[in-house]
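Structure first, commentary second.
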2 protein chains.
Amino acid sequence: MGTASKALTLLNYFSRAHSQIGLSDLARLSGMNKATVYRLMGELADHGFVEQIGAGREYRLGPAFLRLAALREKAVPMRELALAELTKLSELTGETSHMSLLNGEVLSNLTYSYAHKHGTMVMMEDAEVLELHSTGSGLAVLAFSPAPFVDAILSKPLIARTPETVTDPAAIQALLPKIRQRGMAWSIGGYERDVYSHAVPIFDAGSHCIGAMAVAAPVSRMTDELRATIQTELALAARRTTRVLGGFPPDSFPKFKPTDSPVESELT
Amino acid sequence: MGTASKALTLLNYFSRAHSQIGLSDLARLSGMNKATVYRLMGELADHGFVEQIGAGREYRLGPAFLRLAALREKAVPMRELALAELTKLSELTGETSHMSLLNGEVLSNLTYSYAHKHGTMVMMEDAEVLELHSTGSGLAVLAFSPAPFVDAILSKPLIARTPETVTDPAAIQALLPKIRQRGMAWSIGGYERDVYSHAVPIFDAGSHCIGAMAVAAPVSRMTDELRATIQTELALAARRTTRVLGGFPPDSFPKFKPTDSPVESELT
DNA sequence: GTCGCCGGTTCATTATTTGAACCATCGGTT
DNA sequence: AACCGATGGTTCAAATAATGAACCGGCGAC
């Protein structure tokens, strides 16, 4: 691993829950030598990627990201384009919709839209992280990712977020062909209890899966009718999104036909 | 310069005007060897900091910044806090207000707020770059920055954005003591013709100047009364912003008294 | 007082970065 | 069609930068 990669890797230890980290902690987390971490963090700090605060001299993410994110969004208005589709999707379905991007071995939320039709709805957060094995979006991505990548993900310990989470690698592998065949994944209570989620992969210009678009509804509100609406509209919205982002579904990607999916009680 | 710094430096060549750059161009711009740039960009791409597109294999900023910016804003809601102050400020003054952060040798826009009171207003853009020598915000920052930094900035060629831009280093140096004394800078048509801008520096926890808050109005609309309103409200808003961001003005920083500043035709 | 941990620093050893030269490929020009 | 001058990408010996064990001084808990 190159030196630059090591520096960038350090940034991955910052999360919503862990927003500031001391030098020694960072060295432990990364397994690097303390002196190495010190020097790398110094370089990151010089460029505004991290900053040191207060008495403990802990590090946190720096202001440079705001500028670079604004430039990225100006050059490639992914968030803006996705949000336009999500807004329509939430209106049509009356439920929360969101889009997330593959980032290493997890999905991170790009943006989301609420429908204000019901008193309850599934809540989302910016930069929220979704696991690949326990969420509808994750399964959609796995189904359209290279086999070695899938194997790597599923060979690590799979955390059971709820009693309904499928944590058996073989069972998850078994789900993927069906997801590939219909171009859509679903997950019932796999990540959070009471959340029924449908997800469709999004592709880039090289037909690589880069993330997923999803609709999440409370389990208690799901009916055959709502399911049909979600599946139809989500498939359309996701296809438009892939295209508007300049991407192409792979040739094997199915045209979703709502009649194909009675869905019944097929878990996950 | 460490290897990590070199990689991070490469990111600085991307701007609104120059949003995608080829390998050879990047090597020329940075003065680094093509092979070096190739390897560094490869590492940046592995982490989603840049991505390569299309036939020309050009690079552009990657999606990782969206996630990291969201995390940064979650941990340190600078933009949110600044925007709250700017919104009030624009309402009180009836003019466009904005805040920008020092980033290397330039200021980059953090956020801004429009007043919808008049048919015309000064327009801003996300991630817009402001020069230190030709803008009110830049002068405010220079006045409260270490002398070596100021000298370094003023010893480079100073671009005349308009016929009114002051480009003589000595003349700019001469302005700084007065700005320090009153805690506020102004610029009339120095960056864009017809823009009359007032600016106050913002400080961090170590009393270092990290940026500026400003109000920009069309020259044609400026009256003694508007000037007095802007100066009073801007000084208050900037002080609140420094505090709410966890910072402190240096001990030498003056309490702004509107009566101190008849201002008349004192250029810049 | 003292123990343990913190951020920060040092310097000889070591492994990584570096860059000139090289390829294959593409478009435009002669 | 042959050529030219670009491009992105690759190689490998030489040079340089990264590394990490050990070491500080300081702080807080016991």
Side-chain angles (χ1 to χ4, degrees), chain A residues 1-15 17-62 75-76 204-208 246, chain B residues 1-15 17-63 75-76 204-208 246-247:
Chain A
M1 182 159 61
T3 311
S5 285
K6 286 183 194 166
L8 299 180
T9 298
L10 289 173
L11 297 172
N12 287 331
Y13 296 100
F14 295 90
S15 66
H18 220 172
S19 73
Q20 44 193 60
I21 313 182
L23 176 61
S24 296
D25 273 343
L26 212 39
R28 262 189 296 277
L29 285 168
S30 64
M32 299 180 202
N33 187 282
K34 196 174 50 159
T36 301
V37 174
Y38 177 72
R39 198 169 31 76
L40 293 177
M41 292 305 280
E43 294 195 49
L44 288 170
D46 287 343
H47 291 263
F49 283 71
V50 299
E51 59 187 12
Q52 270 182 300
I53 46 170
R57 311 253 69 202
E58 294 201 308
Y59 297 93
R60 68 181 178 200
L61 295 177
V76 193
D204 71 6
S207 293
H208 307 115
Chain B
M1 182 160 62
T3 310
S5 285
K6 286 184 195 165
L8 298 181
T9 299
L10 289 172
L11 297 172
N12 288 330
Y13 296 100
F14 295 90
S15 66
H18 220 171
S19 72
Q20 44 193 59
I21 313 182
L23 175 61
S24 296
D25 273 343
L26 212 38
R28 261 189 298 276
L29 286 168
S30 63
M32 298 179 203
N33 187 282
K34 196 173 52 158
T36 302
V37 174
Y38 178 72
R39 198 169 33 76
L40 293 178
M41 292 306 280
E43 294 194 48
L44 288 170
D46 288 343
H47 292 262
F49 282 70
V50 300
E51 59 186 13
Q52 269 182 302
I53 46 171
R57 311 253 69 202
E58 295 200 307
Y59 296 93
R60 67 181 177 199
L61 296 178
V76 193
D204 71 6
S207 293
H208 307 115

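Chain naming here is simple, since letters A, B, ... match the order of the sequence lines and numbering starts at 1 in each. Owing to the predicted nature of the structure, the values given are computational and were not obtained by experimental measurement.
Phosphate contact (OP1/OP2 of D:dT7, side-chain N/O of B:Y59, threshold under 4.0 Å): absent. For D:dT7, the OP1/OP2 oxygens have no side-chain nitrogen or oxygen of B:Q52 closer than 4.0 Å. The phosphate of C:dG7 (OP1 or OP2) has a side-chain N or O of A:S24 nearer than 4.0 angstrom. For C:dA20, the OP1/OP2 oxygens have no side-chain nitrogen or oxygen of B:K34 closer than 4.0 Å. Phosphate contact (OP1/OP2 of C:dT9, side-chain N/O of A:Y38, threshold under 4.0 Å): present.
A straight line from CG of B:D25 to P of D:dT7 spans 7 Å, rounded to a whole angstrom. One interatomic measurement links the two molecules: CG of B:L26 to C1' of D:dT7, which rounds to 14 Å at whole-angstrom precision. Rounding to whole angstrom units, NZ of residue B:K6 and C1' of C:dT17 are separated by 8 Å. Rounded to an integer number of Å, the gap from A:R28 CZ to C:dG7 C1' is 12 Å. Regarding A:L23, its CG atom lies at a distance of 18 Å from the P atom of D:dG26, rounded to whole Å. Put simply, CD1 on A:I21 is 16 Å from C1' on C:dC6, counting in whole angstrom units. C:dG7 atom P lies 11 Å from atom CE of A:M41, rounded to whole Å. The CZ-C1' distance, from B:R39 to D:dC12, rounds to 13 Å in whole Å.
Map B:A35 and A:E43 each onto its nearest nucleotide of DNA chain D; the residue landing nearer the 5' end is B:A35. Taking the nucleotide of DNA chain C with the nearest heavy atom to each of A:R57 and A:T3, the more 5' of the two is matched to A:R57.
In this structure, A:E58 reaches neither bases nor backbone, as no heavy-atom distance under 4.0 Å exists between it and the strands shown.
In this structure, the side chain of B:Q52 engages the main chain of B:R57 through a donor-acceptor pair within 3.5 Å. In this structure, the side chain of A:E43 engages the main chain of B:S5 through a donor-acceptor pair within 3.5 Å.
In this structure, the separation between CZ on A:F49 and OH on A:Y59 is 16.0 Å, given to the nearest 0.5 Å.
Among A:L40, A:T9, A:T36, A:V37, the single residue meeting the side chain to side chain contact (heavy atoms under 4.5 Å, CB included) criterion with A:S30 is A:V37.
Comparing atom distances between the B:T36 side chain and each of C:dG19, D:dG9, D:dG20 picks out C:dG19 as nearest.
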